[in-house]
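Taking it in order: structure first as C-alpha cells, then the write-up.
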Amino acid sequence: MRAKQHNFKSILYFALPFSLQGVLVTSLGFIDSLMISSLGDVAIAASGIGARWFWFASLFLLSISTGVSIFWAQFSGAGDIDKFRNSLAQGGGAILFSTLVVGMCFIVFPNVLSQVVASKGAATEHSIDYLVALGCVVMVTGVGLILDAALRCLGRPLIPMYTYMVEFALNVFLNYVLIFGAFGAPELGLLGAGIASLLARTTRILFLLLIIAMSEPRIRIKRTNLRSLSDKKSLIALWVVTWPVIAGSFVWSAGNFSFHAVFGHMGEHVLAAMSVITPIEWVALAAVAGIGQGTAVLIGNKLGADEFEEAIQVSRESLVLAVLFGVSVGVLLMISTMYMDTVFINLSDPVINIIQEILPLAALSVVLRAVTSTQVGGILRSGGDTQYCLYLDTVAQWVIAVPVVAIGALYFELPLIVVYLLVQVEELFKIIPATLRIKQRKWLKNLVSDT
C-alpha cells in the first residue's frame, strides 16, 4: 500500500506541473485573442494567421523534444550523467537546428506563410510584421524546450512550471502595455502582442539559465560531450525512436484539421459553436495530458534504472489516475455547460443550444483521451515503442475516424451530436490495442544500457 501511495505521489509530482503549464499555455492564447479582438476584425484575423503557424511550429518542435527526451529520462534513471549530457548535446542540437530553420522561415518568408492560410488582403498584410516577431519567439522557444525537458527528466518539474508562471504574468502585462500603449509605451497593436511574447519568453529563458547555473550542474554540457555529435551509433538510435514521434504529430494535426474542416461544412451555427467549444476542450485536454506526460518521465527513469517491475506498477497506477483526473475535469466541463448563456451573451440562441448539447459529450471525450494519452504517450512511448504508437494513431485516425466522420457528416448529413460522437471512434479504437500492447510488455526496454 505504501509503495502504491508513493507511486501516486510521484506521478502527481511530475504530472501536475505539466497540467498547470499546459492550461496556462492554452489560456494565454485566449487572453491574446481577447485583447487583440478589441483592435478590430482585421487585427484578429491577422493574429489568427500567425497563431496557426506558431501552433504548427510549436507542435513540430515539441515532437522532437518529446522524442529525444525518452533517452534523457532513461539516462537520468540510470544515473549516468555523462551519457545524459551526451544525449542532451545530440537532442538539443537537433532541436536548436530545427528551431533555427523554422524561425528563419517565419522571418524570411512571412508573405508566403500568410497567403498559404488566407487570401491576400488586409489581414495578410497586417500579419507580416507579427509573423516576423513570432519567428523570433520560435527561436527562443527551442532553448526553453531543451531546458524544460532536461529539468523534468532529472526530477525537477517544478522549475519549468514556476518560470512559466512568471512568463504568463509578464506576457499578459506586456500585452496590455504594448498593444494599447499603456504607461506611456508606444501603441503597437498586433505587433505589440508579438514583441510582448518575445520579451516574456526571453525573460523566462534567462531565469532558467540562471537557475541552472546556480543549482543544476548536471545540465551543463562540457566540451567533451560535444564529441557525441559525431557518434553515429547513438545518433541513429536517437533518430529511430524520435522520427515516429515527429511523424505522429503531423498525422494528429492533419487529422484534427480534417475534423474541423468537416464541422466547417455543417453550417455557420455549427462552425460558430465549435469555435467556442474547441478552445474549451483544448484547456481540458491540456489538463489531463499532464498524467501521460508525467508518467512518461517517471517510467523512463525506472526503465533506465532496470526497475522493470516498478515501471509496470507505475503504468497501472497512472491509468487509475488518468481515469480519476479525466472524470474530475469532465465534471467541471459539464458544470460549465450551465453558464454558457451567461458567459457568451452575444451569441445567438441556436449557437448556445449547440454548445450546451455538445459540451457534455466533450466531457466524455476528455475521459477517453485522458486514458489513451496515458497509454500511448505515457507508457508505450517511454520505452521507445514509438513506431507502434505511430501505426496505432494513423490507423485510428486516418483509416477509421476521418473517413467515418466525413461520410457521416457530408454524405449522410447526420446531426452534429452524432458526428461529434463519431469523432470519438478514434479514441475508442485505440484503447483495446493499446491495452493489449501494454500487457505484452514490449515497451519494457532499457534503451540506454548499451548506448
Do the non-hydrogen side-chain atoms of [X] and [Y] ever get within less than 4.5 Å of each other?
X    : Y    : value
Q293 : Q21  : no
M274 : T278 : yes
L428 : L368 : yes
I299 : I379 : yes
L151 : L208 : yes
T163 : I211 : yes
E426 : I400 : no
Y388 : P433 : yes

To the nearest 0.5 Å, what is the distance between [atom1] ([X]) and [atom2] ([Y])?
X    : Y    : atom1 : atom2 : value
I49  : Q115 : CD1   : CD    : 9.0 Å
E310 : N301 : CD    : CG    : 11.0 Å
L61  : S98  : CG    : OG    : 6.5 Å
D32  : S197 : CG    : OG    : 5.5 Å
S65  : F60  : OG    : CZ    : 12.0 Å
R85  : D80  : CZ    : CG    : 10.5 Å

Looking at [X], I want to see if its [atom1] is surrounded by more than 12 non-hydrogen atoms of other residues, nucleotides or ligands under 6.0 Å.
X    : atom1 : answer
I432 : CD1   : no
Y162 : OH    : no
F207 : CZ    : no
F97  : CZ    : no
M161 : CE    : yes
H265 : NE2   : no

- Task: Look at the rings of W55 and W252 and say which category their plane angle falls in: under 30° parallel, 30 to 60° tilted, over 60° perpendicular.
- Result: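 Because their plane-to-plane angle lies in the 30° to 60° range, the rings of W55 and W252 count as tilted.
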- Note: R204-D148 ion pair, threshold 4.0 Å (strictly below):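 Looking at R204 and D148, the cut-off is met.
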- Hey, is D82 close enough to K222 for a salt bridge, meaning N to O under 4.0 Å?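 A salt bridge is absent here (no side-chain N lies under 4.0 Å from a carboxylate O).
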- So, is the end of the R152 side chain (NZ or CZ) under 6.0 Å from the ring centre of F18 and within 45° of the ring's axis?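 The answer is yes; both the distance and angle limits are met.
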- Task: Answer with yes or no whether the side chains of R369 and S365 bring together a donor and an acceptor at under 3.5 Å.
- Result: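 Indeed, the side chains of S365 and R369 share at least one donor-acceptor pair under 3.5 Å.
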- Query: Does Y130 have its ring centroid less than 6.0 Å away from the ring centroid of F106?
  - Reply: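 No: the rings miss the under 6.0 Å criterion.
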